[in-house]
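For reference, the structure discussed in these notes is given below.
In the text below, chain A, chain B and the rest are named by the order of the sequence lines, each starting its count at 1.
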Protein chains: 2
Amino acid sequence: MEDVLALVREHGGRVTSSRRLLLEALFDSPGHRTAEELAETVQAQAPDIALSTIYRNLEELEKLGVVVHSHLGHGPATYHLSEGAHCHFVCQDCGTAVEAPDELFTTLADAARDRYGFEIDTRHFAILGRCANCRKGNEP
Amino acid sequence: MEDVLALVREHGGRVTSSRRLLLEALFDSPGHRTAEELAETVQAQAPDIALSTIYRNLEELEKLGVVVHSHLGHGPATYHLSEGAHCHFVCQDCGTAVEAPDELFTTLADAARDRYGFEIDTRHFAILGRCANCRKGNEP
DNA sequence: GTGCTTGCAAACGTTTTGCAGACTC
DNA sequence: GAGTCTGCAAAACGTTTGCAAGCAC
């Protein structure tokens, strides 16, 4: 957290209260949070911080490699610290996201690299499908 | 093409010129086309057809199973006939889409099903990454 | 004539941007 | 004081919707 602020300063950025509060929000609940959710958390302490500031700061933190965003299907992107990045299976029916360990993708990653020279990045976009529950015909 | 129009009629739909032209556009160039591109093609012959009509007709054709749409990263969704559905590798840097044969995903699909009961659908959302060219450091 | 379909315009949700003022260093 | 950062409002983007008129059947 302080390391990140130091990194910001190193890159010519200023340490402002909105940046500090945003980082707190990210460190405090390391799940998948949309920009709007993060804004709410931040605004609980400083109601004047605008959503556009959140977006601008998230963008900057992403440039510094501290934060990544993923697209879990339709709807808003979710942001989280880059340390805990992982791939997701997201159910098209109920929206539930399951975290998928990287080793599941080694065969696919190898095949894509060998046959197409393509290095897959399964973290940025989720893999969609249907979860066990919804496949049984349950209500989403 | 006439089969599809018959199918539309079977489901209580009417055969209109916008539907006919949209289907022509889809059959003529079977690539990945955004709603806007399809609208342009249609509007070349009938300039009054609105974009919203294209969206409504694509939705209806999707309900009938004739058309599917995929999300190839950021930007607009792309539509194509469902016959030729396949998964895509899309380069995050240059946007190039490579069609990936389904067999590449059998290992992953089996693992997801066995371990999570999750049935993956690799066609609706592309898998992102970096293509051979961009990995070499070439200009996107 | 019934009722599906259309064009238009306006709304939607998410994200980006332009600007003048406020802040960090 | 230089240069970054901010709030606000407005725009951008792809897509959806409400409505009255128009068309297929």
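The CG-P distance, from A:Leu72 to C:dG13, rounds to 20 Å in whole Å. At whole-Å resolution of the value, NE2 in A:His74 and C1' in D:dT16 are 13 Å apart. B:Gln43 places its CD atom 11 Å from the C1' atom of C:dG7, with the value rounded to the nearest Å. Atom pair A:Leu58:CG and C:dT14:P shows a separation of 15 Å (rounding to whole Å applied). The nearest whole Å value for the distance from the NE2 atom in A:His69 to the P atom in C:dT14 is 14 Å. Nucleotide D:dA24 holds its P atom 20 Å from the CD atom of B:Glu10, rounded to whole Å. At whole-Å resolution of the value, CG in B:Leu38 and C1' in D:dT15 are 15 Å apart. Between the CD atom of A:Glu36 and the P atom of C:dT16 there is a distance of 14 Å, rounded to whole Å.
Among the atoms of the strands shown, base atoms are found under 4.0 Å from some heavy atom of B:Ser52.
Counting only heavy atoms from C-beta outward, the side chains of A:Gln92 and B:Asp121 approach each other to under 4.5 Å.
For D:dT16, the OP1/OP2 oxygens have no side-chain nitrogen or oxygen of B:Tyr55 closer than 4.0 Å.
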At a cut-off of 3.5 Å, list every protein nitrogen or oxygen paired with a nitrogen or oxygen from nucleotides 3-6 of chain C, distance to 0.1 Å.
| unit_1 | atom_1 | unit_2 | atom_2 | d |
| --- | --- | --- | --- | --- |
| C:dG3 | N2 | B:Arg14 | NH1 | 3.0 |
| C:dC4 | O4' | B:Arg14 | NH1 | 3.3 |
| C:dT5 | OP1 | B:Arg14 | N | 2.9 |
| C:dT5 | OP1 | B:Arg19 | NH1 | 2.4 |
| C:dT5 | OP1 | B:Arg19 | NH2 | 3.2 |
| C:dT5 | O5' | B:Arg19 | NH2 | 3.1 |
| C:dT6 | OP1 | B:Thr16 | OG1 | 2.8 |
| C:dT6 | OP1 | B:Ser18 | OG | 2.1 |
| C:dT6 | OP2 | B:Asn57 | OD1 | 3.2 |

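A donor-acceptor pair under 3.5 Å links the side-chain atoms of B:Gln43 to the main chain of B:Ile49, judged by distance alone. Side-chain atoms of B:Arg130 do not come within 3.5 Å of backbone N or O of B:Asp93 as any donor-acceptor pair.
Aromatic rings of A:His32 and A:His69 (six-membered ring for Trp) have centroids beyond the 6.0 Å cut-off, not under it. Checked against the 6.0 Å centroid criterion, the rings of A:His74 and B:His124 qualify as a close aromatic pair.
Two residues, B:Gly75 and A:Leu51, neighbour DNA chain D, and the one matched to the more 5' nucleotide by heavy-atom proximity is A:Leu51.
Side-chain contact of B:Arg33 with B:Ser29: a donor-acceptor pair under 3.5 Å is present, judged by distance alone.
The aromatic rings of B:His88 and B:His80 stand perpendicular to each other, their planes meeting at an angle above 60°, with 30° marking the opposite boundary.
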